[in-house]
Structures are given as C-alpha cells and as structure tokens.
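The chains referred to below are lettered A, B, ... by the order of the sequence lines, with proteins before strands, and numbering in each begins at 1.
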Amino acid sequence: MKLKKLMHDFLQDYLDENKIEFSEWGVNVNNQEGFGDYSSNIALKLAKILKKAPIEIAENIAIHPNASESVFTLSASQPGFVNFHISNDYYLKILKQIINESENFGKKKKLNKSANVEFVSSNPTGPLTVGHGRQAILGDMVSNILTWNGYNVTREYYYNDAGKQMRVLAESCYAKYAKQVGRDVEMPENGYVGTYLDEIAEKIVNEHGKDLESDNPIFRDFTEKEIFANIENTLENLGIKFDVFTKEGTFYKNGAIDNVLKILKEKNLSYEKDGAVWFKTSSLNKEEDKVLVKSSGEPTYRLPDIAYHADKVDRGFDLIVDIFGADHIDTYPDVILGLKCMDKKTEHIKVVIHQFVTIKKGGEIVKMSTRKANFITLDELKDELSSDIIRYFFIMRGANSHLDFDLDLAKDESEKNPVYYLQYANARISNLLKRYDKEISTDSKIDYSLLKEKDEIALVKLLSEFPVKMEDVLHSLEPRKIATYLEEVAAAYHKFYGNHKVINSQNTHLSSARKKLCEATKIILTNGLSILGISAPERM
RNA sequence: GCCCCGGUAGCUCAGCUGGAUAGAGCAACGGAUUUCUAAUCCGUAGGUCACAGGUUCGAAUCCUGUCCGGGGUACCA
C-alpha cells in the first residue's frame, strides 16, 4: 500500500509540475514479464488532452525527477505505458516486515467498528442441506474477513419460529407420531416427509408417551428444539459458531411489527384491500404493491423482515451484511424500501447474494427440497469429506456463479483437491524448517540481499501483495479471491523449492536468507488459510 | 413477459474498477527422484473469450441486441 502511494505521488508530482489537472489514470500490477512490476496508463490517457503522442509523454514522465529512486526506477514502452521497476531492496524490506509482524502481517488494527453478519437463517424445519452449506461457509469466511480488517463481528442467525412453516412442521410431526401409535392421520398438504421427523416422533413417543393429542404444543416445541440442536451441531462440525440467534417471534411480542404497520399507515404507504394490508410500493417506483398482512391475519415474511432489519439498524452496527441465496434477489429491496420508509439508515447494509448449489450424484443432478426429503444433508457430506475440503469446495467458484457440487468427484478426487496443494506447500515448509534446525544454524544477522534469483524475487513480490489483497477482499467480500491468491503463492513456492536448495551447509549465509523466505511464505499461507477457516497442517 | 446469474482450452473454472503475448487444475503426451516431503516441478499440445454490432488509442472486461443454460417472478419463506 505504501508502494502504491509512492507511485501515485510520483505521477501526481509530474502532473503538478506541469500544471495538468487530471485524475483518470491508474497503476496496475503487471503479470507479464518485461514491462516492469507495475505500470500506469497515464500517458495514454493524457494523449488526447496534451495532443501529443502517448509514447512521447511516457518517455517524458520516465525522466521526471524521481524522489523514490531507492524504491523504483522508470521506463516507457509502446504504445505509451509508464513502467515501474521495483528494486529488490524494497521487496526484501517487506520480507523482513513479514517475519517481524508474523501472524499480524496484513492485519488491520482493531477499528472500534462493529459489523453484523447474518447468514444461514434457515428455519428449523429440517436438517441443513448442501445448499445451506454454501451460505454457512460463505458467511463464516466473510465474518473472518471483516474481523481480519479490524471489525468487531457479530454472527447472527435469524429464524422463523412463529409462522405457517412451523405449524405445518408440527402437523407433519403429529402425523408421524400418530402413525407410530397406530392412529390413522393424514399427512398435511405440503407436509414434511423426511425420515428425520420419524426419529423425532419416536423420541416423543419414548419421552412423552402415546396419548398426546394433535394440539399438544410438544409437537412444535420439541421438534423445533431437536432440529435446531441438530443444525447447531452440523454447523459446529464445520467450525461455525453463531453469537446471536434471533427469533422472528420476538418482534411480534415486543410490538415491533405493529410499529412498522403503524408508521407505514401514518405515512400513507399502506392500505387495506380484499382483507389484506398492502405496502404501497408502487408509489415508490416499484411495479406493483406487495402484501404485508394476509387476509388470514398472518403477516407475510416481508413484514417481520422489515421489523428485524430495523432492529439490526437500531443496534448501531457500522456495517450490516446479509448473506442471501439467489431466491432473495427480488425480495430484499422491499425490506430496504421498508427501512427507508421508516427513516432508517440503509447505506451501511451490504448484501451478498450467492447462486444455488446443484448436486451431482452418479452423473445426474439431484433436485432438492426439504419438504420432499430428497436432499443431501450437510451432515452426510461431512461424513464423507473433511471440513477443509468442504470449505474449499464451496468457495471454488465465486458466490455469483452456480456451483455444481459433484459428489462422486469430490470423493474420488479428494487427493487432487486444490486445497491439498496449499496445505502441502505449508507442510513442505514446516518439514524443511525442522530439518534446517537440525542440520545447520541460522546466521544471527540475515543478509537478505543474497536473495536475487528470479524465483525468489517473484515469490517475495507475491507475498508483499497480501495486505493489498486483503483490502480488496474487504470490498468484494469474496473469499474466492483469497483462495486464488493463496494458490498463486503456493505455486510460486513450489517452483522456488524445486529450483533452489535451501539447506546447504556449504553456504550458510544464503541458506539463512532462504530459510527466512520460507518462513515468510509459511506466515502468508497460514494467515490466509486461517481466514478461510482451513487448517494448515505441519505434515501430510 | 419481466428480473437476476452465467456462457473463456476436451472437462472444471480463474481473469471482468478496459491495458501489452487470455491463465490454472484435471484429462492427453514427453521429461525430472543418489539431492530439503514427487500430494511437487519442467516441457508439448490444446482458444472465433457464445454470436453480432457499438464506445475507445486499446474490449474477455463497458454499452446495445440476439442465442443458449440456471434461478426467481405467491395473500410460501
């Protein structure tokens, strides 16, 4: 980051010196060889304004007095790029810094800012599915990213303990119970038929006897408790823990829902029609109005969601992140709109949408529905795959892309999973460091300047980009980008490792410097993996 | 119909705030192990970045249209 500033300052100085007011330019990392480490398009952009050939301007900039000569030198290249060649010295300083700051390298200091991340939020009507898994992993990693960047993060799970779904669940459970005690009761329409309910019904028989009537609250409360315990357990197996669980019912009891209705009515943004209460979204640039309270008197999900979000806003977080599945794309704007109508702040609410997961089994796509019980649960997945692999699998694609989770492939090819590539790099280093200590001693003063091989410098350059990557990720909230970066780091390390020997008793000075490079790589890998919640084993 | 995602190598995908020669893994083929963990590395081969226009000095990236695939369009959540 400091580097970027130096480069910007240099270019800005050129502009100031020549009295040019212009800001439509940038500096980019160069991945291709031969054009320096970074380059700017400033000359290309200036060409039109100055009415000069871009290459001429670039050459002019390249000979502009450079106050940061120890950090970079300049060159110009066709068709008019200004190239920055960073000195090895600069990179080696960063290397030293990585070693010194270790697990804090690239980490932001505590900001005294708070963030709330809401995710999973699956209603306790059944075990979590693989689809929920994507959201769980994504939410957990987003939380880690925010923590890493200095936020004090609250992980929140919001669920509906009060609506129609839970009623149907209770009825379904009763139907299962009735069957077990020999009563003839039909499964309700759209009931839940999963075998997990049979097990719960059996437990009810064992613990509460066979004489319960259909209206006994046990069928709802016991079932909810059982399922929820199962959900928490599933999440914990993946290393995910929530700080706060919020029940929808709370907002009925404390009057928040009535309050939303009251405010909207006062503002003339709601009305009654056909026995239902409507949100006049058409007057707010929406195509049609939406129902808030059904004619049956039950609110739609929209209303409690608005009350819930208003509550989150009132709790004063500096940042609110909602992780939603693609099915919420159309609905969250209504909630935001509701908040605006209540004069609540909404600019600090970020929504991360992820596309769905489809499961491939035996080469075929499995359509999943909790009601129909043909889903694959997260637990089942966990039985076959490690938490590390599951975590990595779910972020192998960007959140905004569909994810085909090929179960057979995940099992068969677990040896080839890219997560092993990262972990192996770390294990290799760990082993090397152990051997190093046995075989030779480290110099008391390290001469970093001995590192000048191409592979060495390329690796350090990559390592030095870690803080910038982490800052990028704070904006995109896309864990996939960390994984991509770490894969690059691992590749650069494996390459270095293959071409250069670290332990060499004939040249302990060079060995000592290379050892430090290994240590720094390990630090970056460990830090990155910790954000992803993936282990960094010492041996494999 | 309308809305949201996606279409890049045989397969799975990176790259997308416009930048120089479009990358990786798998699969195929050929190499590297008396040497710090070969779960690795090196090399060969593989491309009309869906298609057509447009903007630009410059487009996989931005805009428009078309085609194909997925999802959403409830007084379900």
Please report the distance separating the [atom1] of [N] from the corresponding atom of [M], rounded so that it comes out in whole Å.
{"N": "B:rG25", "M": "B:rG53", "atom1": "P", "value": "35 Å"}
{"N": "B:rC63", "M": "B:rG18", "atom1": "P", "value": "11 Å"}
{"N": "B:rA32", "M": "B:rA50", "atom1": "P", "value": "39 Å"}
{"N": "B:rA9", "M": "B:rA28", "atom1": "C1'", "value": "13 Å"}
{"N": "B:rU17", "M": "B:rG31", "atom1": "C1'", "value": "43 Å"}
{"N": "B:rA24", "M": "B:rC67", "atom1": "P", "value": "36 Å"}
{"N": "B:rC16", "M": "B:rC5", "atom1": "C1'", "value": "15 Å"}
{"N": "B:rC26", "M": "B:rU35", "atom1": "C1'", "value": "30 Å"}

Under a 3.5 Å cut-off on both pairing distances, which runs of 3 or more consecutive Watson-Crick or G-U pairs involve RNA chain B?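 The stems are B:1-7 with B:67-73, B:10-13 with B:23-26, B:28-32 with B:40-44, B:50-54 with B:62-66.
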Assign [X] to base, sugar-phosphate, or nothing according to its heavy-atom contacts below 4.0 angstrom with the strands shown.
{"X": "A:H494", "value": "sugar-phosphate"}
{"X": "A:R480", "value": "nothing"}
{"X": "A:D455", "value": "nothing"}
{"X": "A:N504", "value": "nothing"}
{"X": "A:N431", "value": "base"}
{"X": "A:K48", "value": "sugar-phosphate"}
{"X": "A:A276", "value": "base"}
{"X": "A:D274", "value": "base"}
{"X": "A:Q78", "value": "base"}
{"X": "A:Y436", "value": "nothing"}
{"X": "A:N41", "value": "base"}
{"X": "A:T484", "value": "sugar-phosphate"}
{"X": "A:H354", "value": "nothing"}
{"X": "A:E24", "value": "nothing"}

Counting only side-chain heavy atoms from C-beta out, which of [options] sits nearest to [X]?
{"X": "A:R397", "options": "B:rA77, B:rC13, B:rA38", "result": "B:rC13"}
{"X": "A:Y497", "options": "B:rG19, B:rA77, B:rA38", "result": "B:rA38"}
{"X": "A:K45", "options": "B:rG71, B:rG58, B:rC36", "result": "B:rG58"}
{"X": "A:S77", "options": "B:rG70, B:rA20, B:rC75", "result": "B:rA20"}
{"X": "A:S295", "options": "B:rC75, B:rG71, B:rA20", "result": "B:rC75"}
{"X": "A:I503", "options": "B:rC36, B:rA20, B:rA77", "result": "B:rC36"}
{"X": "A:L44", "options": "B:rA39, B:rA38, B:rG19", "result": "B:rG19"}

Nearest-angstrom distance from the residue atom [atom1] of [X] to [atom2] of [N]:
{"X": "A:I42", "N": "B:rG19", "atom1": "CD1", "atom2": "P", "result": "17 Å"}
{"X": "A:H500", "N": "B:rA32", "atom1": "NE2", "atom2": "C1'", "result": "16 Å"}
{"X": "A:N400", "N": "B:rA14", "atom1": "CG", "atom2": "P", "result": "11 Å"}
{"X": "A:D334", "N": "B:rC3", "atom1": "CG", "atom2": "P", "result": "16 Å"}
{"X": "A:R302", "N": "B:rA74", "atom1": "CZ", "atom2": "P", "result": "9 Å"}
{"X": "A:L303", "N": "B:rA77", "atom1": "CG", "atom2": "P", "result": "11 Å"}
{"X": "A:L403", "N": "B:rC13", "atom1": "CG", "atom2": "C1'", "result": "11 Å"}
{"X": "A:I389", "N": "B:rA39", "atom1": "CD1", "atom2": "P", "result": "16 Å"}

4.5 Å side-chain heavy-atom contact, A:V460 and A:L517: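 Counting from C-beta outward, A:V460 and A:L517 do come under 4.5 Å.
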If you count the non-hydrogen atoms of other residues, nucleotides and ligands that lie under 6.0 Å from NE2 in A:H509, is the total more than 12?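 For A:H509, atom NE2 is not crowded (no more than 12 foreign heavy atoms under 6.0 Å).
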Set of residues satisfying salt bridge (Lys or Arg N to Asp or Glu O under 4.0 Å) with respect to A:E298, sequence neighbours excluded: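 Salt bridge (Lys or Arg N to Asp or Glu O under 4.0 Å) check on A:E298 returns A:R167.
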OP1 or OP2 of [N] less than 4.0 angstrom from a side-chain nitrogen or oxygen of [X], does that happen here?
{"X": "A:K495", "N": "B:rU40", "value": "no"}
{"X": "A:K294", "N": "B:rA77", "value": "yes"}
{"X": "A:Y421", "N": "B:rC41", "value": "yes"}
{"X": "A:K481", "N": "B:rG15", "value": "yes"}
{"X": "A:R514", "N": "B:rC36", "value": "no"}

base_contact_polar (B:rA20 base, A:S39 side chain, donor-acceptor, <3.5 Å):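 A donor-acceptor contact between them is present.
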Is it the case that the base of B:rC5 and the side chain of A:S401 share a donor-acceptor contact (distance under 3.5 Å, atom types as modelled)?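 No, no donor-acceptor pair under 3.5 Å.
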Salt bridge between [X] and [Y], side-chain N to carboxylate O under 4.0 Å?
{"X": "A:K522", "Y": "A:E538", "answer": "yes"}
{"X": "A:K461", "Y": "A:D37", "answer": "yes"}
{"X": "A:K312", "Y": "A:E118", "answer": "yes"}
{"X": "A:K515", "Y": "A:D437", "answer": "yes"}
{"X": "A:E519", "Y": "A:K516", "answer": "yes"}
{"X": "A:K290", "Y": "A:D334", "answer": "yes"}

Which residue lies more 5' along RNA chain B, comparing A:G398 with A:K273 via nearest heavy atoms: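 That would be A:G398.
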On RNA chain B, compare the nucleotides closest to A:A491 and A:T300; which residue's is nearer the 5' end?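 The residue closer to the strand's 5' end, by nearest nucleotide, is A:A491.
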What distance separates A:C341 SG from A:L269 CG, expressed to the nearest 0.5 Å?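 Going from the SG atom of A:C341 to the CG atom of A:L269 covers 4.5 Å.
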Quick test of the criterion, 5.5 Å between centres and less than 30° between planes. Is A:F81 stacked on B:rA20 or not?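 Here the ring of A:F81 and the base of B:rA20 are stacked, with centres under 5.5 Å and planes under 30°.
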Check: A:Y157 ring centroid to A:F228 ring centroid under 6.0 Å: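 So the answer is yes for these two rings.
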Lys NZ or Arg CZ of A:K273 over A:W278 ring: under 6.0 Å, within 45°: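 Judged by the rule, A:K273 and A:W278 form a cation-pi pair.
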